[in-house]
Amino acid sequence: MSGLLAGKTALVMGVANRWSIAWAIAQAFAREGARLIFTFQGERQERDVRELAGTLGSPLVLPCDVARDEHLASLAEVIREQAGGLDALAHSIAFANREDLSGAFVETSRAGFALALDVSAYSLAAVTRHLLPVLRPGASLVTLTYIGSTRVMPGYNVMGVAKAALEASVRYLASDLGPRGIRVNAISAGPIKTASARAVQGFSRMLEVMEQRAPLRRNTDPAEVADAAVFLCSALARGITGEVLFVDGGYHVTGF
Ligand code: NAD
């Protein structure tokens, strides 16, 4: 594979470290010839993200806490000034308080619910709205979701509710942006050991179940998710929008 994204500029949001799914996506985008722009959430992530971006020769690394509208506004402005426009976006961002990722969903506080939904679901609409003026016709937006949106996964709790909202947002955004030639899709990845995943109580059990029951009898490799993101952001997927594409070794088709 080479050159599927040649000449395109892609924004990658959600790299925290080298285990982040967003980092796998960035590497695949770079391999396919995209010019990359990165964001980092805050000071804690900045050094790692700058270092990783440097290895791909990407100097444009911008701060962006998606819960802050002023960050989103200045992100769009800097992209307009320094890159001219965007052809692809990887939104690989989610957050919930640790106490809301264990025990019973019924215990979720109002504040915990609002935070998880704000960062993990609303942020896709907010980012898209701010970036709209710099999105070129033909642009493709991809976000990351999980099967906990439609099925109960122990410990996933409020994040499952947030993913349901995220997937619905993908459909509404696809409808809004389709007339401009902009596509919006989600990838539903199988469980992958990352910093965020480790916050979910019982996450190791999810990995075990996946290996035993997924048709491919193995866990999901972040590189497989990244290749699906390349596909969705390339012209090969020009007829696909509003879709949730599973990259989970087929686990979602199993009924046991
Ligand atoms: P990760 O911890 O590496 O990435 C999560 C990212 O979200 C981090 O970079 C973090 O800085 C960012 N983030 C959190 N709050 C933010 C905020 N307010 N502003 C800006 N950025 C913020 O973990 P990951 O597993 O790579 O997660 C990426 C995406 O993939 C998430 O949406 C996650 O739900 C989804 N996903 C993960 C798995 C899995 O098993 N790891 C499976 C399916 C879907």
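Remember, it's 1-based here, ligands and their atoms both numbered in the order they're listed.
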As an exercise, identify every atom of ligand 1 less than 4.0 angstrom from a heavy atom of [X].
X	result
Ala16	8 (C), 9 (O)
Ala189	42 (C), 43 (C)
Cys64	19 (N), 20 (C)
Ile192	39 (C), 40 (O), 41 (N)
Ser20	1 (P), 3 (O), 26 (O)
Gly14	4 (O), 6 (C), 8 (C), 9 (O)
Gly190	40 (O), 42 (C)
Val15	9 (O)

Determine yes or no for a side-chain-to-main-chain donor-acceptor pair under 3.5 angstrom, with [X] supplying the side chain and [Y] the backbone.
X	Y	answer
Asn219	Leu207	yes
Glu243	Ile240	no
Ser120	Leu117	no

Where the closest heavy atom to [atom] is concerned, which of [options] has it?
atom	options	value
atom 24 (P) of ligand 1	Asp248, Thr194, Val247	Thr194
atom 27 (O) of ligand 1	Ala197, Ala22, Ser196	Ser196
atom 10 (C) of ligand 1	Arg68, Arg18, Met210, Gln41	Gln41

Open item on the list: Pairing donors with acceptors under 3.5 angstrom, does anything connect the side chains of Ser123 and His91?
Closed with: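 Their side chains do contain a donor-acceptor pair, which is all the 3.5 Å distance test asks for.
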What protein heavy atom sits nearest [atom], and how far off is it?
atom	value
atom 31 (C) of ligand 1	Ala94 CB, 3.7 Å
atom 35 (C) of ligand 1	Leu144 CB, 3.7 Å
atom 19 (N) of ligand 1	Val66 N, 2.9 Å
atom 28 (C) of ligand 1	Ser92 OG, 3.0 Å
atom 18 (N) of ligand 1	Asp65 OD1, 2.9 Å

Are [X] and [Y] linked, directly or through other ILVMFWY residues, by side chains that come within less than 4.5 angstrom of each other?
X	Y	result
Leu132	Leu141	yes
Val158	Tyr156	no
Val61	Val12	yes
Ile21	Val142	yes

Task: Audit row: Trp19, Lys193, side chain to side chain contact (heavy atoms under 4.5 Å, CB included) steps and yes/no - done: CA-CA 8 Å; Trp19 294 280; Lys193 228 184 253 176; over 6 Å; no
N or O pair under 3.5 Å between [X] and ligand 1:
X	answer
Thr145	no
Ile21	yes
Lys163	yes
Trp19	no

Task: Stepwise salt bridge (charged side-chain N to carboxylate O under 4.0 Å, His left out) test for Glu224 and Arg218 - done: CA-CA 12 Å; Glu224 298 168 336; Arg218 60 174 174 78; 2.7 Å; yes
- [ ] Identify the residue among Leu89, Asp176, Leu135 that makes a side-chain contact (heavy atoms from CB on, under 4.5 Å) with Ile182.
- [x]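 Filter result, single survivor: Leu135.
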- [ ] Only one of Thr39, Val134, Asp87 passes side-chain contact (heavy atoms from CB on, under 4.5 Å) with Leu11; say which it is.
- [x]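 It is Thr39; the other options fail the test.
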Open item on the list: Tell me whether Gly42 reaches ligand 1 (any heavy atom closer than 4.0 angstrom to a ligand atom).
Closed with: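 Per 4.0 Å heavy-atom rule, Gly42 does not contact ligand 1.
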Open item on the list: Just to check, does Lys193 reach to within less than 4.0 Å of ligand 1 when the distance is taken from its heavy atoms?
Closed with: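 Flag not set, Lys193 not near ligand 1.
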- [ ] Mind telling me whether Phe105 and Phe113 have parallel, tilted or perpendicular rings, with 30° and 60° as the class edges?
- [x]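 Ring orientation, 0 to 90° scale: tilted.
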